[in-house]
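Values below: all heavy atoms of this structure, side chains included; hydrogens, waters and symmetry mates excluded. Here is the naming used below: chain letters follow the sequence lines, and residue numbers restart at 1 for every chain.
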Amino acid sequence: MAAKIIAPVKGTRDFYPEKMALRAWLYQQMRAASEAFGYQEYDGPFLEPIALYAAKSGEELVKEQAFVFPDRSGDLITLRPELTPTLARMVAQKQGQLVFPLRWWSFGPFWRYERPQKGRAREFFQWNVDMVGVSSPEADAELAAIGANFFWRVGLGPDEVQILVNNRRLMDSRLDALGVPPERRRAVFRLIDRREKMSPAAWEGYAEAVGLSPAQRRGLEDLLADERLWEQSEELGRFFAAAEALGVRDYLRYSPAVIRGLDYYTGTVFEARDRAGAFRAIFGGGRYDNLVADVGGKPLPGVGFAMGDMVIALVLEAYDRLPQLAPQPASLVVTVFDEAHLLPAYRLAAELRGEGLAVLTYPEPAKLGKQFKYADRIGARWALIVGPDELAQNVVSVKDLTTRKQHPVPRAHLAAFLHERLS
RNA sequence: GUGGCUGUAGCUCAAUGGCAGAGCACCUGACUGUGGAUCAGGAUGUUGUGGGUUCAAGUCCCAUCAGCCACCCCA
């Protein structure tokens, strides 16, 4: 009891069984939503060369937020900070052999060297869903619908969460009309992205710094207040019509202020937020039509989104939608009556496992009271006793830990008896 | 990377610069074939770490680490 516990790496999380059960449950819901739309599961390496991200992910993400280290030969290795460039590479590598439109999903760990805070860690899990090979607004709507389907599965309704949608091409054309030159566009997108986070005065100063004239600034503000701006976009018109048909229109709302941070988005972009605005974005995504070409493939359009495991967990907790999970897979405990009856108890456990039941044994002789307490605390439903009396009569005493009632069951009927009550 | 708050037993928290404590949890027993109650007893701390001030530091000062929160960025 002297050695000091080595602290975990900053920004990582230990998944104790209870948390692991939640992670597994989220994974299940993601799988269900993905597969309902026919998406196939895939994964890439957790380690990638930094050059893969240099192309398009966004300056800060690569330069300041990626975990980068030299391997033993001196090559720079990155712990993947996101999946989309890997996807683009995987598609580019086998472009001739894959079936398009390709629909893939994935759930795995990612790393970003950031300061941990609410809803954000340095090591986190992310659900990625992508469709590659089509550029239709209907494909965009399908992706949004998968996100909505997930919300529906976990019990979050349109009155609680919303998917905010915009389109970069639409914004481009509106900014053109305002006379914003193309080289300023990225800066203006950033400006738009920040508006809700800044005071009006600070935002105006920022707009000036970006190079907008007072007239342009007023024009931009009108733009950002126009909730019907989408009607000027044929793409978004088709997007919302498809979403309506897909049954998820309620979850969607047009928002001219949504622009998304990543540089590779080219068309429709969307992000999910809780309606109360208490949390950061639950998921974000959009259309990226140049990415496959950027990593060396022939041009192929794509659309996708990513959802981290932390914000959604916070939202589910806030709305009291976390499921009751039982981290203990066995609901039967075979007690050890005493040292002489340990092996008979183990034989009984083996017999029941042979019948397909999950069974815990007590791992040493101990007082029965202690074993019942263990069975109770671990979350078991039944405790089984094989003592001298039971052996003599060829029965097993089955105690229901909830009702505290106990009765003998003939050995021959035991498995059937338990199966019936467990189903 | 910037700023703020917080670090005391497994957990939640006390302790005016003056003997480090409580509740819960845990262990043992009352109870040699039975768990959630009750009672009795027991174990548990370099007060995050390292310096400094002081007769005396959990308390004040500095540094550092960690956690949380906000900014940045984003899932």
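Between A:L224 atom CG and A:R174 atom CZ the span is 13.0 Å, to the nearest 0.5 Å.
A:F110 comes within contact range of no nucleotide atom at all, as no heavy-atom separation falls under 4.0 Å. Counting non-hydrogen atoms under 4.0 angstrom, A:E390 reaches a base of the nucleic acid. Residue A:A375 is classed as having no contact, given no heavy-atom separation below 4.0 Å to the nucleic acid. Within 4.0 Å of A:D338, counting heavy atoms only, lies no atom of the nucleic acid at all.
Between B:G58 and B:G50, the distance separating the two C1' atoms is 16 Å to the nearest Å. Comparing the same atom, C1', in B:G45 and in B:C19 gives a spacing of 15 Å after rounding to whole Å. With P as the reference atom, B:A63 and B:A43 are 41 Å apart, rounded to whole Å. Comparing B:A20 with B:A30, their P atoms are spaced 36 Å from each other, to the whole Å. Distance check on atom C1': B:G36 versus B:C74 gives 46 Å, rounded to whole Å. A distance of about 15 Å separates the P atoms of B:A15 and B:G21, rounded to the whole Å. Comparing B:G7 with B:U47, their P atoms are spaced 15 Å from each other, to the whole Å. Rounded to whole Å, the separation between the P atoms of B:G23 and B:U64 comes to 39 Å.
Residues of residues 305-319 of chain A having a heavy atom closer than 4.0 Å to RNA chain B, listed by number: A:A306, A:G308.
For A:H407 and B:G33, the NE2 to C1' distance is 17 Å, given to the nearest whole Å. A:K367 has its NZ atom 8 Å from the C1' atom of B:U32, to the nearest Å. We find that CZ of A:F270 is positioned 11 Å from P of B:A75, with the value rounded to whole Å. The interatomic distance linking A:F189 (CZ) with B:C74 (P) rounds to 14 Å, in whole Å. Spacing between atom CZ of A:R280 and atom P of B:C74 amounts to 11 Å, rounded to whole angstrom units. As a whole-Å value, the separation of A:L368 CG from B:U32 C1' is 11 Å. Taking atom OH of residue A:Y362 and atom P of nucleotide B:U34, one finds them 16 Å apart after rounding to whole Å. Here B:U2 presents its C1' atom at 15 Å from OH of A:Y113, a figure rounded to the nearest Å.
Between A:F151 and A:F283, the gap from one ring centroid to the other is short of 6.0 Å. Two rings, from A:F15 and A:F125, have their centers less than 6.0 Å apart.
In this structure, A:Q117 does not reach the B:C68 phosphate: none of its side-chain N or O atoms is under 4.0 Å from OP1 or OP2.
Using a 30° and 60° split on the angle between ring planes, A:W111 and A:F46 fall in the tilted class, from 30° to 60°. Ring pair A:F305/A:W127 is perpendicular by interplanar angle, where above 60° counts as perpendicular and below 30° as parallel. Under the 30°/60° scheme for interplanar angles, the aromatic rings of A:Y374 and A:Y362 are found to stand perpendicular.
Both tests hold for A:R31 against A:Y27: distance to the six-membered ring centre under 6.0 Å, angle to the ring axis within 45°. Judged by the 6.0 Å and 45° rule, A:R185 forms no cation-pi pair with A:F189. Because its NZ or CZ atom is both nearer than 6.0 Å to the ring centre of A:Y113 and within 45° of the ring axis, A:R122 counts as a cation-pi partner of that residue.
Looking at A:R168 and A:D289, no side-chain N of the basic residue comes within less than 4.0 Å of a carboxylate O on the acidic one, giving no salt bridge.
In this structure, the nucleotide among B:C72, B:A25, B:G35 sitting nearest to the side chain of A:R377 is B:A25. In this structure, the nucleotide among B:G33, B:A75, B:A70 sitting nearest to the side chain of A:F337 is B:G33.
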I'd like a table of atom pairs between the protein and nucleotides 36-40 of chain B - only N or O on both sides, under 3.5 Å - with the distance next to each one.
residue	atom	partner	partner atom	Å
B:G36	N7	A:R404	NH1	2.7
B:G36	O6	A:L401	O	3.0
B:G36	O6	A:T402	O	3.4

Short heteroatom pairs, N/O only, protein and nucleotides 65-67 of chain B, under 3.5 Å:
residue	atom	partner	partner atom	Å
B:G67	OP2	A:K10	NZ	3.0

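For A:E114 against B:A75, a side-chain N or O and a base N or O form a donor-acceptor pair under 3.5 Å. At a cut-off of 3.5 angstrom, counting only N and O atoms as typed in the model, there is no donor on one side facing an acceptor on the other between the side-chain of A:Q371 and the base of B:U34.
If A:R115 and A:K399 are placed on RNA chain B by their nearest nucleotide, the residue sitting closer to the 5' end is A:R115.
Stem analysis of RNA chain B (Watson-Crick or G-U pairs, both distances under 3.5 Å, runs of at least three) returns B:1-7 with B:65-71, B:10-13 with B:21-24, B:26-30 with B:38-42, B:48-52 with B:60-64.
Here A:E204 pairs with A:R217 under the side-chain hydrogen bond (donor to acceptor under 3.5 Å, both in side chains) rule; sequence neighbours left out. Annotation: side-chain hydrogen bond (donor to acceptor under 3.5 Å, both in side chains) contacts of A:R411 (sequence neighbours excluded): A:E351.
No donor-acceptor pair closer than 3.5 Å links the side chain of A:Q29 to the backbone N or O of A:F150.
You'll find the side chain of A:I312 stays beyond 4.5 Å of the side chain of A:F279, heavy atoms only.
In this pair, A:Y374 does not lay its aromatic ring on the base of B:G35; centres under 5.5 Å and planes under 30 degrees do not both hold.
Side chains of A:R184 and A:Q216: no donor on one and acceptor on the other come within 3.5 Å. In the model, A:E123 has no side-chain atom that pairs as donor or acceptor with a side-chain atom of A:T12 under 3.5 Å.
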